[in-house]
2 protein chains.
Amino acid sequence: MELDDRKVKILQAIIKNYLETGEPVGSRTISKLSDLNLSSATIRNEMADLEELGYIVQPHTSAGRIPSDKGYRFYVDTMMEEKVEELNNIKADLEEKADKIENLLQHVAKLLSVNTNYATMVTTPKYRSRKCKFIQLTEIDEKNVLAVIVLEGNIVKNKMIQANEYLDKEMVLKLNLVMNSFLQGLDLDEISLGIVQKMKEQAGEHERLISDILDAVAKAMQEEGNLEVYTSGVTNMLSYPELNDGKDVKDLIFTLEDKKELAMLADQDLEYDSAEGNGRIQVYIGNETPIDSMKNCSVVTATYELEEGVYGKVGIIGPKRMDYERVVGTLKNLMGQLDDIFKNKQS
Amino acid sequence: MELDDRKVKILQAIIKNYLETGEPVGSRTISKLSDLNLSSATIRNEMADLEELGYIVQPHTSAGRIPSDKGYRFYVDTMMEEKVEELNNIKADLEEKADKIENLLQHVAKLLSVNTNYATMVTTPKYRSRKCKFIQLTEIDEKNVLAVIVLEGNIVKNKMIQANEYLDKEMVLKLNLVMNSFLQGLDLDEISLGIVQKMKEQAGEHERLISDILDAVAKAMQEEGNLEVYTSGVTNMLSYPELNDGKDVKDLIFTLEDKKELAMLADQDLEYDSAEGNGRIQVYIGNETPIDSMKNCSVVTATYELEEGVYGKVGIIGPKRMDYERVVGTLKNLMGQLDDIFKNKQS
DNA sequence: ATTAGCACTCGATGATGTAGAGTGCTAATA
DNA sequence: TATTAGCACTCTACATCATCGAGTGCTAAT
């Protein structure tokens, strides 16, 4: 048995209706709603077929049908039309925050959750290996040296380093010179022990300090590799009764609060997605997410490109009956706006 | 009618029992439990008195009694004994994160929530007005200048500034000199328009750039005045049935996610508390919190001192029947450990 | 191939009854 | 006078039961 044209239409009607109402939909509803002019009995037969094929399920005997994961998947893959959803004034709103990328991303999460009534997550962008652009050491007082580390892409990191020895200005200048001449243009993997040794030689008696500084530099570079995850709209999940039963919500909210699993989810297809290019949308339905507590949810992610080769993700988490058309439309729109902002920022 | 000795004992027994079980406690229970050797009938009479006095309430006729806010308040003020609760190995654990205060505070929130099974909040410390220690401008590339702003207390802020004009090294050096000679030692309120004018004079044609830099400096200083709030253990709130009814939890979780109200709560008594000295503990019971969604909760806060005159707050949010003794004990212990860490860090 | 008709299933809803916990009051007691 | 035993009363929680309505699957007629 295959999906003929009529079955597709019926399936579509079922899903559309279910997305709207959240109630299992029965044969009579479809009979009246669709333009097929079929009696409920015929619809019933077709529905039995659709169930056998795995596209819909009955919550219990004598209830209507609801889409199965496979049904949603079919819908998303072949029948969905994106609604272009304008996020008005967002650009101005966001540009204001653009001086610090973390703030901007957090704000994006907030905006999305408010606009969609779902939960949202945004990751910081993931850099491959950042090269060191330059390092600047400054004496703060007798005991502390501030290392300002600028990485490729103008990522700035500060590390306070405790010096056990007194440093005069000349020494600091010299150290600056040494650090920069050796480290400029290198990434974490390229800083070998050999290089470290040479630096120590040149620095004379300040071996210990050099070690500490290098530690700080290494840490700074490493930090950039970690995805941070911002979430928003967690409370929205409590509004959907199909998620709100029993302790399932608790697990779900825990996942959203803990963020570790979210980071993994965002990370997993990042390479592939970014290869596909900016703006790529992914939909995970129910069990398709690798996260256990989300088996009753759907997750839609989009990849944004901060700059050449630097990608992060935006995700929307909602019930399986989320409004996919709107969500996908909104995300695409958002990606466009972010693109503009990031491009302007660079130029 | 006054609280005589026996009433106090009975009240204590009721509260203790209720804290343990979470169930309304009846006269028979108290009769058996306490060492007063009274029949349940006598207890009943006393309980009627206690209710009249407002220390306990009946959820409904023919249920036992539970403490009222007034009852809890009396308990916390006069009968509670702190349990000293060791947070083992926390110090080592925290010291590792101590290089960045935000990380440390976030970790504190996490640790507390895991240890207590309540929700926790930690604010960043609040500086009064930070004076500017020094400013360093660095040319990153033709278009960008990085301003590293170090405030009193070695708070480091980075601001990237877009330059519309080309800057050679000499110019940057000169600007550095101008900025520092004028701004060092000043706080936000002390930078007057007069000073700004003089700076612009000295900088010659770079008026616009000076403006941008000053904006950045002002922003950096202002940011430090804002309390950031970290929360953890939000999900724990779903474990307490007395909070989990209806939409109350939703509001509560929203408050914990939104954080604005938490910041206000933390801010409100900060001045007073810090005047009282480090480690001060505050207990807000039910309606005593200014936050509406927390009227069924109790909040216990403690003030920590990062350094001379710089205070922040740690708070634990739980049901009104939270284990006050343990919570207060834990917080005091934590304050001690934080103290050690911060003191060591400075020296 | 479609449809009308019908028996059947199941969840949701509300009414009813019961058990148990706890109370307040009264009258007896020390 | 303070305490207590005893008892009628109240209220909740829980289970049982009947009913209603939505929706189904199947059969036989079209």
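Chain A is the first sequence line, chain B the second, and so forth, proteins listed ahead of strands; every chain is numbered from 1.
A salt bridge links B:D258 and A:K110; the closest N-O separation between the charged side-chain nitrogens and carboxylate oxygens is under 4.0 Å.
Side-chain contact of B:S27 with B:S40: a donor-acceptor pair under 3.5 Å is absent, judged by distance alone.
Here D:dA2 presents its P atom at 10 Å from CZ of B:R6, a figure rounded to the nearest Å.
Taking OG of B:S68 as the reference point, atom CD of B:Q58 lies at 13.0 Å (rounded to 0.5 Å).
A:T42 has no side-chain polar atom (N or O) that falls below the 4.0 Å cut-off from OP1 or OP2 of C:dT2.
Between A:G64 and A:P59 the shortest heavy-atom distance is O-CD, 3.2 Å.
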Contact state string [nucleotides 20-30 of chain C, B base, S sugar-phosphate only, - no protein heavy atom under 4.0 Å]
-BBBB------
Dot-bracket, DNA chain D: Watson-Crick or G-U, under 3.5 angstrom, [ ] crossing, | other strand?
||||||||||||||||||||||||||||||
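In this pair, A:Y72 and A:Y324 present their aromatic rings tilted. The plane angle is within the 30 to 60° band.
The side-chain contact (heavy atoms from CB on, under 4.5 Å) with A:L256 is formed by just one residue from the set A:D251, A:L262, A:T235; it is A:L262.
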Could you walk me through whether A:K9 and A:D35 satisfy the salt bridge (Lys or Arg N to Asp or Glu O under 4.0 Å) test, starting with their C-alpha distance in whole Å, then the side-chain angles of each, then the deciding distance to 0.1 Å, before giving a yes or no?
CA-CA 9 Å; A:K9 274 191 179 158; A:D35 50 356; 5.2 Å; no
Determine all donor-acceptor pairs shorter than 3.5 Å in which one atom belongs to a side chain in residues 285-293 of chain A; sequence neighbours excluded.
residue : atom : partner : partner atom : Å
A:E288  : OE1  : A:R73   : NH2          : 2.5
A:E288  : OE1  : A:I285  : N            : 2.9
A:E288  : OE2  : A:R73   : NE           : 3.1
A:T289  : OG1  : A:G286  : O            : 2.8
A:S293  : OG   : A:T255  : OG1          : 2.5

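Residues B:H60 and B:L38 each lie close to DNA chain D; by heavy-atom proximity, the contact nearer the 5' end of the strand is made by B:L38.
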